[in-house]
There are 2 protein chains.
Amino acid sequence: MITHKKRFETIIQKLKDNGHKITPQRIAIVKILVDSEGHPSVENIHAQIKTDFPTMSLATVYRNIVLIKSLGEVLELGFPDGSNRYDGNKPYPHPHVVCIKCKKIVDPDLDSLDEMKKEVEVETEFKILNHRLDFFGICSDCQAGKV
Amino acid sequence: MITHKKRFETIIQKLKDNGHKITPQRIAIVKILVDSEGHPSVENIHAQIKTDFPTMSLATVYRNIVLIKSLGEVLELGFPDGSNRYDGNKPYPHPHVVCIKCKKIVDPDLDSLDEMKKEVEVETEFKILNHRLDFFGICSDCQAGKV
DNA sequence: TTCTAAATGATAATAGTTATCAATTAGCAT
DNA sequence: ATGCTAATTGATAACTATTATCATTTAGAA
Ligand SMILES: [Mn+2]
Ligand SMILES: [Mn+2]
Ligand SMILES: [Zn+2]
Ligand SMILES: [Zn+2]
C-alpha cells in the first residue's frame with residue numbers, strides 16, 4: 001500500500017532526525033504499525049515479529065511505542081482493561097468503532113466532531129486540547145455469526 | 001440535594017431488591033457516589049470514608065463498586081492509566097470533559113451524540129450498544145492559574 | 001436471641017507496563 | 001575497514017491498580 005510506505009518513511013525519517021538509531025527491531029515495529037489495518041496491540045505486534053525474529057523482546061516493543069508516541073507518530077488507544085491498541089496511520093485523535101466480540105477496531109468517517117468540540121468549549125469554558133470517542137458494538141461479521 | 005437523596009434511595013432499594021444486605025460500609029459508599037459532583041476515584045471514596053470510619057477496607061470499596069456497577073447504578077469511567085472515576089448520578093453513558101491539570105471531570109450538555117451514533121451505524125454496519133466520549137483540556141480555573 | 005449465608009478486612013495473587021542493568025550494536029571518527 | 005562509544009536491546013525484577021482468597025464478623029431472617 002502506497003500510503004503505508006509513505007508513513008513508514010515518515011516515521012523512520014523522524015527517528016533519524018531526532019538522533020535515534022535505526023535498528024532491525026525498530027524497522028520491524030514501524031512496519032507493523034503502518035501496515036496493520038486493525039489497530040494492533042503490543043502483544044499482537046510482538047507475536048507477529050517474533051515469528052521470524054525470535055529474539056525480539058516484549059520490552060523493546062513497549063519502549064519503541066513509547067518513543068514513536070513521543071514523536072507524535074502513533075495514536076495510542078488505551079483501554080482501561082489494559083488492552084491498548086495502536087494506529088500508526090492516523091496518529092491524531094479520531095473516532096473509533098470497537099467490536100466487543102471479535103475486538104476489531106475500525107475508523108469511521110465523522111465530521112460533526114469539530115462542531116461538537118466548539119459547543120463544549122463554549123458551554124464549559126474549558127480549552128479543549130484532545131478528545132476520545134469510541135463507539136462499542138457488534139460488527140456485521142459477528143452479527144452474522146461468523147465468529 | 002434532593003436528586004442525590006433520591007438516587008441514594010434508588011440504589012439502596014435496588015440492593016435490597018436483589019437480596020444484598022445493607023451494611024454501614026455500603027451506605028457510606030453509596031452516599032459518596034451520589035453526593036459527589038466531581039466523579040470520585042476509588043482512592044478518593046476510600047479516603048473520604050476512612051476519616052470517620054477507620055476500619056473501612058479498600059477491598060470493600062472495590063467490591064461494592066463492582067456490585068453497584070452490576071446493578072447498573074453507577075457509571076465507571078475507566079482510564080488507561082488506572083485512574084478510574086465514577087458517576088453515581090448519571091449511570092448511563094454520557095460525554096465528559098476532563099481537566100488535564102486538576103483532574104476535575106464535568107458533564108457537558110450535548111445532544112448531537114444520538115445523531116452521530118446513527119450515522120456510525122449506517123456507515124460501519126455495526127450494531128452500536130455503547131459509547132464513550134471524553135474531551136480533554138484545561139478548565140477555566142486552571143487557565144486562570146488558580147491551581 | 002440464635003443461626004447462617006453474606007460481607008468485611010487483611011493480604012496474597014494477578015497482569016500490563018515500566019525500570020534496571022549487563023551485553024550488544026548502529027553509526028560516527030579515524 | 002576498524003575501532004569506539006553512546007544508544008539500544010533482552011532478560012527479568014519492580015511497580016501498581018485491581019481481583020482473589022480466606023478467616024472473622026455481621027445483617028437480617030427465624
Ligand atoms: Mn484509527
Ligand atoms: Mn458524568
Ligand atoms: Zn466482530
Ligand atoms: Zn482544572
Side-chain angles (χ1 to χ4, degrees), chain A residues 11-33 39-71 74-86 103, chain B residues 11-33 39-71 74-86 103:
Chain A
I11 297 175
I12 294 295
Q13 192 55 50
K14 199 150 190 176
L15 283 165
K16 284 182 184 168
D17 292 346
N18 287 75
H20 300 290
K21 295 177 178 175
I22 306 306
T23 64
Q25 292 91 336
R26 228 154 239 184
I27 290 172
I29 291 165
V30 173
K31 261 194 188 130
I32 289 180
L33 279 178
H39 302 82
S41 66
V42 165
E43 277 296 349
N44 184 263
I45 293 169
H46 182 237
Q48 282 190 60
I49 298 177
K50 206 150 194 197
T51 306
D52 42 27
F53 198 152
T55 68
M56 166 67 72
S57 166
L58 189 56
T60 297
V61 181
Y62 275 110
R63 264 190 301 243
N64 278 287
I65 282 179
V66 168
L67 174 63
I68 298 167
K69 236 194 321 177
S70 77
L71 300 175
V74 69
L75 178 70
E76 180 177 65
L77 295 179
F79 290 95
D81 67 351
S83 60
N84 296 4
R85 307 279 287 266
Y86 297 88
K103 308 301 177 188
Chain B
I11 297 175
I12 294 295
Q13 191 55 50
K14 199 151 189 177
L15 284 166
K16 285 181 184 169
D17 291 347
N18 286 75
H20 299 290
K21 295 177 178 174
I22 305 306
T23 64
Q25 292 91 336
R26 227 154 240 183
I27 290 172
I29 292 166
V30 174
K31 262 195 187 129
I32 289 179
L33 280 179
H39 302 82
S41 66
V42 165
E43 278 295 350
N44 184 263
I45 294 169
H46 182 237
Q48 283 190 60
I49 299 178
K50 206 153 194 194
T51 306
D52 41 27
F53 198 152
T55 68
M56 167 66 73
S57 166
L58 189 57
T60 296
V61 180
Y62 275 110
R63 263 190 302 243
N64 278 286
I65 282 179
V66 168
L67 174 63
I68 299 167
K69 235 193 324 176
S70 78
L71 299 175
V74 69
L75 178 71
E76 180 177 67
L77 294 178
F79 290 95
D81 67 352
S83 60
N84 296 4
R85 306 279 286 265
Y86 297 88
K103 308 301 178 189

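As the structure is a prediction and not an experimental result, all values here were calculated from the model. We name chains A, B, ... by the order of the sequence lines, and we start the count at 1 in each one. Only this structure's heavy atoms are used, side chains among them; waters, hydrogens and symmetry mates stay out.
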Which residues satisfy the side chain to side chain donor-acceptor pair (under 3.5 Å) test with [X], sequence neighbours excluded?
{"X": "A:Lys16", "value": "none"}
{"X": "B:Asp17", "value": "B:Gln13"}
{"X": "B:Asp81", "value": "B:Ser83"}
{"X": "B:Thr55", "value": "none"}

Next on the checklist: Closest-nucleotide mapping onto DNA chain D: is B:Gln25 or B:Val66 further toward the 5' terminus? I mean the 5' end.
Outcome noted: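 Residue closer to the 5' terminus by nearest nucleotide: B:Val66.
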Checklist outcome for this item: By nearest-nucleotide position on DNA chain D, the 5'-leaning member of B:Lys21 and A:Pro24 is A:Pro24
Report the residues that fulfil side chain to side chain contact (heavy atoms under 4.5 Å, CB included) with [X], sequence neighbours left out, ordered by chain and then residue number.
{"X": "B:Thr60", "answer": "B:Gln25, B:Ile29, B:Met56, B:Ser57, B:Arg63, B:Asn64"}
{"X": "A:Asp52", "answer": "none"}
{"X": "B:Lys14", "answer": "B:Asn18, B:Leu71, B:Glu73"}

Item to check | Those residues that, when tested against A:His39, pass ring-ring contact (aromatic ring centres under 6.0 Å, His included) (two or more places apart) | outcome: A:His96
Item to check | Nearest-nucleotide 5' precedence on DNA chain C, A:Asn84 against B:His20 | outcome: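 Between the two, 5'-proximity favours B:His20.
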Item to check | Nucleic acid contacts - residues 40-64 of chain B versus DNA chain C, non-hydrogen atoms under 4.0 Å | outcome: B:Thr55, B:Met56, B:Ser57, B:Ala59, B:Thr60, B:Arg63, B:Asn64
Next on the checklist: Do A:Leu58 and A:Tyr62 have side chains that approach each other closer than 4.5 Å (heavy atoms only, starting at C-beta)?
Outcome noted: yes
Next on the checklist: What range of DNA chain C does chain A touch, first nucleotide to last, counting atoms under 4.0 Å from its heavy atoms?
Outcome noted: C:dG16 to C:dG27
Next on the checklist: Taking any heavy-atom pair under 4.0 Å as a contact, classify A:Pro80: base, sugar-phosphate, or nothing.
Outcome noted: nothing
Item to check | Leading and trailing nucleotides of DNA chain D with any atom under 4.0 Å from heavy atoms of chain A | outcome: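 With heavy atoms of chain A under 4.0 Å away, the range is D:dA6 to D:dT12.
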Checklist entry - With B:Lys69, which residues qualify under salt bridge (charged side-chain N to carboxylate O under 4.0 Å, His left out), at least two apart? => result B:Glu76
